[in-house]
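Worksheet: one structure, shown below.
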Amino acid sequence: MAEEKGLTPRAEDFSAWYNEVVLRAELADYSPVRGSMVIRPYGYAVWENMQRALDAMFKETGHQNAYFPLFIPQSFISREAEHVEGFAKEMAIVTHSRLKASPEGGLIPDPESKLEEPLVVRPTSETIIYAMFAKWVQSYRDLPLLINQWANVVRWEMRTRLFLRTLEFLWQEGHTAHATEAEAEEEARRMHAVYRTFMDEWMAMPPVLGRKTESEKFPGAVRTYSLEALMQDNKALQAGTSHMLGQNFSRQFDLKFQTEAGGEEYAWNTSWGVSTRLIGGMVMTHGDDTGLVMPPKLAPYQVVVVPIYRKDEERSVVLEKADSVATALRASGVRLHVDTRENMTPGAKFYEWERKGVPLRIEIGPKDVANGQLVLVRRIEDGDGPRKQFVPEDEALATIPARLQAIQNTMLAAARRRREENSHRGIEDYGRFREIMEGVGGFVYAGWCGSPRCEEKVKEDTKATIRVLPFEEFRTPEPPKRCLVCGGEAREEAVWARAY
RNA sequence: CGGGGCGUGGCGCAGUCCGGUUAGCGCGCCUGCUUUGGGAGCAGGAGGUCCUCGGUUCGAAUCCGAGCGCCCCGACCA
């Protein structure tokens, strides 16, 4: 019974812990279809908070939302050579438009309804979006074209995990067209930076930024910029990507424009996306053995109020107080829930809301009403006194927004510290490297000669890959001289890790 | 696709080896009363194609055969 209530500790089996947290915090549930999941209201509320924040940032940077169709003609996918290569093996295809009764019983696709051209269910929308852009763009005056869409996509993955890799997932994909290479490059980097702001400030999940190697870049891109976060099991999570597509797609979809000088040129494209995978990242960045821990800025409920009472008279006094506290806090912009369930003891509610990761709990009992105080209990330790504090009501109401921000800051600092503590720098010995990858894991910063062969060897030996070629601010002050693998001259520093 | 595990009320499981009354336990659910400051108590109650199909048998959750599904590990994967 005690085992039923607790979670598998992270140290014992991280993967089991993760699944239990997601299911028991009611973020998501398995659906009847293998590899597909239902995002439950509590999990969807997190996604909505992510959407709200990101969408505002996209608008601030000049983008507009639009919606493109789920179905893409199969021929579109094959136009860009690398693109087909990258996605062909995981595509869902629609070939028929109706079913009919089978002679052997059951239903079969009606052969007469076979489509002229199969439709693929979008794994990403570059092809159809740039086909449409081609219709809309004639002149340099039509550029830049800055579009985002919120959508679902399907990738038929072999092995799936809740939020981290499912057959269908929700995401946003930005797609832009520019008149010059420099503008497109600037856009790809701008959105890369927007993601970084979001992950740092909203998710408290500080990623390492950099560029992907040739072998890891997006199929069809010239360059891929990535944000890699380190999870508590010391595996990397690719949390977002931004691609400089060059003219690869515009050439295939005839996305041309007339230049100011009167000539004709292909547009320069970018695309960038983050998905519901971020919810998995949030879980694996902040969760503990008690359950979920939500950064206040994403928490569906930042504060939950648990009223405590014995007698009816107490009940009405306490609930009245809970109500006025709720009204006051909502007025200062706090997302709050008053848990008035009658069939549950306060203790049971405490456990439930902790498992669900609510950052701050307010307990209100008869004693508190009498003393004009509120009991504040933080979800996490943050070095600022005990988790549980008795605070005069006025002071509590006035300081709760700041307390939430303090929790947010603490979580970011803790995540950053953990990332750095598990980043190994100055590793030159390949044996030592293998030891790290097969043992503690984490990010290893080391020299790379630039050869795909060395990359491949590491993957075979250790399952680790180059997550990013980090931007300057993340690099080791003293640049590595030798390639970790072959000992040849290091062309640049790489961040290696096992990844999700 | 390979390896492992598992399919029994909503959830978690026992029972299966060694066939035998009415399939059991915990949690959850419903009703009532008492409770409520860290996972409440008592009483009553509802809820089951034992994954499916076929076989053996007087008799199958249990034995045999085939199939299906899910989870985990690997291969695979922006």
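These numbers come from the heavy atoms of this one structure, side chains and all, not from hydrogens, waters or symmetry mates.
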> Between A:Y500 and A:R161, what is the shortest heavy-atom contact and its length?
Replying inline: CE2-NH1, 3.0 Å
> When rounded to the nearest Å, what value does the distance between C1' atoms of B:rG19 and B:rU62 take?
Replying inline: 6 Å
>> What is the distance, to the nearest angstrom, from the CG atom on A:D339 to the P atom on B:rG37?
In response: 14 Å
> Can you check whether A:N19 has a side-chain N or O nearer than 4.0 Å to OP1 or OP2 of B:rC72?
Replying inline: yes
> When you look at A:R379 and A:T290, which way does the side-chain hydrogen bond (donor to acceptor under 3.5 Å, both in side chains) test go after all the steps?
Replying inline: CA-CA 10 Å; A:R379 177 64 178 81; A:T290 306; 4.6 Å; no
>> Say we look at B:rG48 and B:rC42: how far apart would their C1' atoms be, to the nearest angstrom?
In response: 27 Å
> What residues form a side chain to side chain donor-acceptor pair (under 3.5 Å) with A:E214, not counting sequence neighbours?
Replying inline: A:K217
>> Given the ring of A:F76, does A:R79 sit roughly above its face, with NZ or CZ under 6.0 Å from the centre of the six-membered ring and within 45° of the axis?
In response: yes
> Picking from B:rA75, B:rU36, B:rG38, which would you name as closest to the side chain of A:K463?
Replying inline: B:rA75
> Going by number, which of residues 267-292 of chain A have a non-hydrogen atom under 4.0 Å from RNA chain B?
Replying inline: none
> Does A:Y351 lie flat on the base of B:rG39, that is, centres under 5.5 Å apart and planes under 30° off?
Replying inline: yes
>> Whether A:K89 contacts B:rC77 is assessed here as follows: a side-chain N or O lying under 4.0 Å from the phosphate OP1 or OP2. Is that the case?
In response: yes
> Aromatic rings A:W353 and A:Y301: how do their planes relate, parallel, tilted or perpendicular, breaks at 30° and 60°?
Replying inline: perpendicular
> Between B:rG7 and B:rC50, how far is it from one C1' atom to the other, in whole Å?
Replying inline: 10 Å
> Which whole number of Å gives the distance between the C1' atom of B:rG5 and that of B:rC13?
Replying inline: 15 Å
> Quick one: are the ring centres of A:W272 and A:F58 less than 6.0 Å apart?
Replying inline: yes
> Pick one: which of A:V468, A:I466, A:L469, A:T465 meets side chain to side chain contact (heavy atoms under 4.5 Å, CB included) with A:E216?
Replying inline: A:T465
>> Under the criterion side chain to side chain contact (heavy atoms under 4.5 Å, CB included), I'd like the reasoning laid out for A:R467 against A:Q238: C-alpha separation, chi angles, the key distance, then a yes or no.
In response: CA-CA 8 Å; A:R467 302 317 303 160; A:Q238 179 174 302; 3.8 Å; yes
> A:L23 CG to B:rC11 P: how many Å, rounded?
Replying inline: 12 Å
>> Between B:rU35 and B:rC71, how far apart are the two C1' atoms, rounded to whole Å?
In response: 40 Å
>> Using a 4.0 Å heavy-atom cut-off, does A:Y30 contact any base of the nucleic acid, only the sugar-phosphate backbone, or nothing at all?
In response: sugar-phosphate
>> Taking the P atom in each of B:rC68 and B:rA23, what is the distance between them to the nearest angstrom?
In response: 31 Å
Side-chain donor/acceptor pairs under 3.5 Å, residues 357-364 of chain A, sequence neighbours excluded:
from: A:R361; atom 1: NE; to: A:E363; atom 2: OE2; distance (Å): 3.1
from: A:R361; atom 1: NH1; to: A:E354; atom 2: OE2; distance (Å): 2.9
from: A:R361; atom 1: NH2; to: A:E363; atom 2: OE2; distance (Å): 3.0

>> On RNA chain B, compare the nucleotides closest to A:V377 and A:M158; which residue's is nearer the 5' end?
In response: A:V377
> When all nucleic acid strands are considered with a 4.0 Å heavy-atom cut-off, which category describes A:V306: base, sugar-phosphate, or nothing?
Replying inline: nothing
> Is a donor on one side and an acceptor on the other found under 3.5 Å between the side chain of A:R387 and the backbone of A:R378?
Replying inline: yes
> Rounding to the closest angstrom, what is the interatomic distance between B:rG10 and B:rG4 at atom C1'?
Replying inline: 28 Å
>> Can you measure A:L164 atom CG to B:rC72 atom C1' for me and round it to whole angstrom units?
In response: 15 Å
> Between B:rA75 atom C1' and A:W156 atom CH2, what is the distance in whole Å?
Replying inline: 19 Å
>> Please compare A:K459 and A:P366 by the position of their nearest nucleotide in RNA chain B and report the one closer to 5'.
In response: A:P366
>> Say we look at B:rA60 and B:rC33: how far apart would their C1' atoms be, to the nearest angstrom?
In response: 45 Å
> Using a 3.5 Å cut-off on both pairing distances, which stems of three or more Watson-Crick or G-U pairs include RNA chain B?
Replying inline: B:1-7 with B:68-74, B:10-13 with B:24-27, B:29-34 with B:40-45, B:51-55 with B:63-67
>> Rounding to an integer number of Å, can you tell me how far A:E157 CD sits from B:rC71 P?
In response: 14 Å
> Rounded to the Å, how far apart are A:E26 CD and B:rG28 C1'?
Replying inline: 12 Å
>> Could you check whether any side-chain N or O of A:R122 sits under 3.5 Å from a backbone N or O of A:F71, counting only pairs where one atom can act as donor and the other as acceptor?
In response: no
>> Would you say that more than 12 heavy atoms from the other residues, nucleotides or ligands in this model lie under 6.0 Å from the CD of A:E85, or not?
In response: no
>> Donor-acceptor check, side chain of A:S78 to backbone of A:S75, threshold 3.5 angstrom: yes or no?
In response: yes
> For the residue pair A:F169 and A:W171, does the interplanar ring angle fall in the parallel (under 30°), tilted (30 to 60°) or perpendicular (over 60°) class?
Replying inline: perpendicular
> Can you check whether A:F471 and A:F474 have ring centres sitting under 6.0 Å from each other?
Replying inline: no
> Taking RNA chain B as the partner, which of residues 165-178 of chain A come within under 4.0 angstrom of it by heavy atom?
Replying inline: A:R165, A:W171
>> Quick check on contacts: within residues 353-363 of chain A, what sits under 4.0 Å from RNA chain B by heavy-atom distance?
In response: A:E354, A:R355, A:R361, A:E363
>> Regarding A:S15, tell me which of base, sugar-phosphate or nothing describes its non-hydrogen contacts under 4.0 Å with the strands shown.
In response: sugar-phosphate
>> Can you measure A:R161 atom CZ to B:rC76 atom C1' for me and round it to whole angstrom units?
In response: 15 Å
> Rounding to a whole Å, what distance do you find between A:L319:CG and B:rU36:P?
Replying inline: 15 Å
>> B:rA40, OP1 or OP2 - any side-chain N/O from A:T345 closer than 4.0 Å?
In response: yes
>> Between A:F68 and A:H175, is the ring centroid distance below 6.0 Å?
In response: no
